[in-house]
S.K.: 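Following this message is one structure expressed as C-alpha cells.
Predicted, not measured: the structure shown is a model, and the values here were computed from it.
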Amino acid sequence: MEERSSKRMKPTVEEEEDPPGLTHPSSSSSSHLNLPPSMNRPTVSLETQRINRLIHSNHYHSPSKPIYSDRFIPSRSGSNFALFGLEPSPKKEDGPGSYAGMLRTALFGPETPEKRDVVTGFSPSGNIFRYKTETQRPVNSFPPFGCDNGPSVSRSPVKPPRNILKSAYKVLDAPALQDDFYLNLVDWSAQNVLAVGLGNCVYLWNACSSKVTKLCDLGGDESVCSVIWALRGTHLAIGTSSGTVEIWDALRCRRIRTMGGHRLRVGALAWSSSVLSSGSRDKKILQRDIRSQEDHVGKLTGHRSEVCGLKWSYDNLELASGGNDNKLLVWNQHSTQPVLRYCEHTAAVKAIAWSPHLHGLLASGGGTADRCIRFWNTTTNTRLSCVDTNSQVCNLAWSKNVNELVSTHGYSQNQIIVWKYPSMSKLATLTGHTFRVLYLAVSPDGQTIVTGAGDETLRFWNVFPSPKSQSRESRIGALSFGRTTIR
C-alpha cells in the first residue's frame, strides 16, 4: 500500500503537472467517487484533475494550451479601427458621427455621451457608451410619444386640429327678414345661388358673381313664409302666407305653377325628386307631384299643431316632420299615418337633419323649453343620444364632407356651434348675430354655411373642410370680404 501511494505522487508520462496554486483533492473527496475496484488509479487521478480545471476555469487558464471557443469574439485592445474609416472628422457634421449623435439623442435624450466618445477609436479601458446616473423620466417623454429639444429627427406627422375662423367673412344686409321661429326663408341651390324671402319678395344672390336678382313680388298683404330649391337648382318652390305653393323657373324669373290645398300659411317645404311636400299651420302635410295636374296626391295627418320642419332622407324613402306640438314624426313614401313617433322633445321641433354618412341616422332639435339635440336610428327605431345645448335649437345641418354637423341657436346666446359626431365635442362656437339665428343653408361644395337672423343680416362662415377631390378654394369667393345688401 505504501509503495502504490508513493508512485501516485510522481507524475506519469500521460499526466500533466498541476499548475501552481491548484491543490489535489483530498483522499476523502476521492473516496466519494463510487468507482469499481478494477479501475486504474492513475486514470482516476487524471479525471479528477480535469474536473478541477472545469470547476476553476474562471480563475485559471493553462499557459501551455490555448482555449478555443465556438464563437469569434475580437479583442478591442488589439484592433486598428483606422482601417475601417472610424477616425474622427471634426469639420464634417453630416457624416456618420452626426447621424449617430441625432440617433443617440432621439433614443436616450440629451444626457448622453459626446459624439467623439462614440465615433473615435476605442481604448481598452473605455466602453462604447459611458452611461451616467439613471434619471427618472416618464415613459411618454421618449420618442415617439414625446420630443426633445435635440436635433430634428424624422417622426410621424401629428395632424393639427382644424382651424375654424370665428368671424363671418362676409355679411349681407337683408332688410325685412322676419324674426319668426316657424318660417324657413333661406336656401342655397346646387347652382350656387342663394334664395332669400324678404317680406313679400324673393331675391336671388349669385355667390359666384355677387349679382342680386329680384325673382318675384307677391304683392298686397301676401308674404313669403318658406323657400326651397329643387334638386337641380333651376326651380324654386315658395310657400305663402295664404296657403298656396308657387313653383318658379329661376333662370327665366317666371312662375310656372300655383298649387293650393292649405288653409293657412305654408312654413315648411321639402323636395324628393319630383315630389314636393308642404307643411302648414293647418297641421297638414300635403304631397304634391309636379308631374300631376292635381294640386296634391296625398295628405299626411299626425301633428296637432303647426308643421314647422320637413326633411326627406337622402335616399328619398323617409320623410321627417317636426311640429309645434313637440312631436317628431317619420313617414315612408306611401303612408298616410306616421310609421315612427318620437315624443321626447318638450318644445317645438323645427331643426331636423338626416345624416348623409349613415343610413337612418336622424338629428332633431327642440325649442326654448327643450334646448336639446337628439339622435335617432329610424332603421331600428332606437333612441341614440341627447345633448343639452343650453339654448333654443333653431336649425341643424350635417356636413357632407366629414362626420360633423352645425346647429344654430336662439335664446339666449344666439350662437352657431360646430359639432364632431358621435362624440358631440364642440369644434367651434361662432357669434356675431344679435338676434336668434333662425335660418341656415349650406353651400353646394359643403364648406360654407350662411345664417340669417332677426337682426336683418345674412352672415357667411367657413366651417367645414373641402372634399379631398376638391381644392380648398371655395367657388363663392371667400376672399371677398365686406358688407353689401341683398336688395
Side-chain angles (χ1 to χ4, degrees), residues 161-162 164 166 179-184 268 303-311 320-330 340-358 360-399 402-442 449 451-454 459 461 463-464:
R162 189 170 83 255
I164 299 177
K166 298 298 190 297
D179 184 24
D180 193 327
F181 178 80
Y182 301 99
L183 306 185
N184 293 274
H303 286 286
R304 297 182 178 181
S305 188
E306 180 174 8
V307 179
C308 51
L310 278 179
K311 285 291 173 62
S321 64
N324 197 30
D325 56 359
N326 310 341
K327 302 295 189 296
L328 174 66
L329 307 181
V330 179
L340 297 174
R341 292 176 179 266
Y342 299 116
C343 306
E344 279 76 359
H345 285 292
T346 57
V349 182
K350 176 193 177 185
I352 301 173
W354 292 92
S355 170
H357 309 289
L358 186 62
L361 177 58
L362 176 63
S364 61
T368 307
D370 183 77
R371 307 175 305 177
C372 292
I373 299 175
R374 299 179 183 271
F375 295 90
W376 323 86
N377 186 332
T378 61
T379 303
T380 61
N381 191 18
T382 306
R383 295 154 180 80
L384 299 178
S385 60
C386 174
V387 177
D388 189 348
T389 66
N390 297 312
S391 186
Q392 178 188 42
V393 184
C394 300
N395 292 279
L396 288 170
W398 289 87
S399 167
V402 290
N403 201 14
E404 299 172 4
L405 70 158
V406 60
S407 59
T408 70
H409 299 268
Y411 303 123
S412 59
Q413 302 177 43
N414 306 326
Q415 80 274 35
I416 303 159
I417 303 177
V418 183
W419 307 85
K420 180 70 176 178
Y421 188 82
S423 65
M424 290 305 287
S425 57
K426 292 183 181 181
L427 299 179
T429 299
L430 315 176
T431 57
H433 286 290
T434 56
F435 280 64
R436 297 181 294 175
V437 188
L438 298 175
Y439 310 111
L440 170 68
V442 183
I449 62 170
T451 56
R459 297 175 184 267
W461 319 77
V463 296
F464 295 130

S.K.: Are K350 and N184 close enough that some pair of their side-chain heavy atoms sits under 4.5 Å apart?
M.R.: yes
S.K.: In this structure, which one of T378, T380, T379 forms a side-chain hydrogen bond (donor to acceptor under 3.5 Å, both in side chains) with T382?
M.R.: T380
S.K.: Between atom CG of L361 and atom CH2 of W376, what is the distance when rounded to the nearest 0.5 Å?
M.R.: 12.0 Å
S.K.: Who are the side chain to side chain donor-acceptor pair (under 3.5 Å) partners of E404, not counting sequence neighbours?
M.R.: R162
S.K.: Give a yes or no answer on whether the side chain of T389 reaches the backbone of R371 with a donor-acceptor pair at less than 3.5 Å.
M.R.: yes
S.K.: Minimum heavy-atom separation for S391 and G410, please, with both atom names.
M.R.: OG-O, 3.1 Å
S.K.: Within this structure, what is the CZ-CD distance for the pair F181 and Q392, rounded to the nearest 0.5 Å?
M.R.: 5.0 Å
S.K.: Does any non-hydrogen side-chain atom of Y439 lie less than 4.5 Å from one of L183?
M.R.: yes
S.K.: Are the side chains of V349 and Y342 in contact, using a 4.5 Å heavy-atom criterion?
M.R.: no
S.K.: Provide the closest heavy-atom pair for A347 versus G367 in the form atom of the first, atom of the second, distance.
M.R.: CB-N, 3.4 Å
S.K.: Over 60° means perpendicular and under 30° means parallel, so classify the ring planes of Y421 and F375, tilted if in between.
M.R.: tilted
S.K.: Could you tell me whether the side chain of N326 and the main chain of A348 form a donor-acceptor pair under 3.5 Å?
M.R.: yes
S.K.: State whether a side-chain donor-acceptor pair under 3.5 Å links D370 with H345.
M.R.: yes
S.K.: How close do N324 and S305 get, counting heavy atoms only, and between which atoms?
M.R.: CB-OG, 3.3 Å
S.K.: Can you tell me how far NZ of K327 sits from OG of S321, rounded to the nearest 0.5 angstrom?
M.R.: 11.5 Å
S.K.: So, taking the atom named CG in L430 and the one named CZ in R459, what distance separates them when rounded to the nearest 0.5 Å?
M.R.: 11.5 Å
S.K.: Rounded at 0.5 Å granularity, tell me how far CD1 in I416 sits from OG1 in T431.
M.R.: 8.5 Å
S.K.: Which heavy atom in G365 sits nearest to a heavy atom in V393, and how many Å separate them?
M.R.: CA-CG1, 3.7 Å
S.K.: Using modelled atom types only, decide if a donor and an acceptor are shared between the side chain of T408 and the backbone of V437 within a distance under 3.5 Å.
M.R.: yes
S.K.: Test K311 against every option in I352, L362, L396 by the side-chain contact (heavy atoms from CB on, under 4.5 Å) rule and name the one that passes.
M.R.: I352
S.K.: What's the separation between atom CD1 in I164 and atom NZ in K166, rounded to the nearest 0.5 Å?
M.R.: 6.5 Å
S.K.: Nearest heavy-atom pair of A397 and L440: which atoms, and what distance?
M.R.: CB-CD2, 3.7 Å
S.K.: Locate the shortest heavy-atom distance separating L438 from C394; write the atom from each residue and the value.
M.R.: CD2-SG, 3.8 Å
S.K.: Determine, step by step, whether W419 and I373 satisfy the side chain to side chain contact (heavy atoms under 4.5 Å, CB included) criterion, reporting the C-alpha distance in whole Å, the side-chain angles of both residues, the deciding distance to 0.1 Å, and the verdict.
M.R.: CA-CA 11 Å; W419 307 85; I373 299 175; 4.0 Å; yes
S.K.: Any donor and acceptor pair, going by atom type alone, linking the side chain of H409 with main-chain N or O of N414 inside 3.5 Å?
M.R.: no
S.K.: Check whether H357 reaches the backbone of S399 with its side chain - one donor and one acceptor, N or O, closer than 3.5 Å.
M.R.: yes
S.K.: Please identify each residue that fulfils salt bridge (Lys or Arg N to Asp or Glu O under 4.0 Å) with R383, with sequence neighbours left out.
M.R.: E344
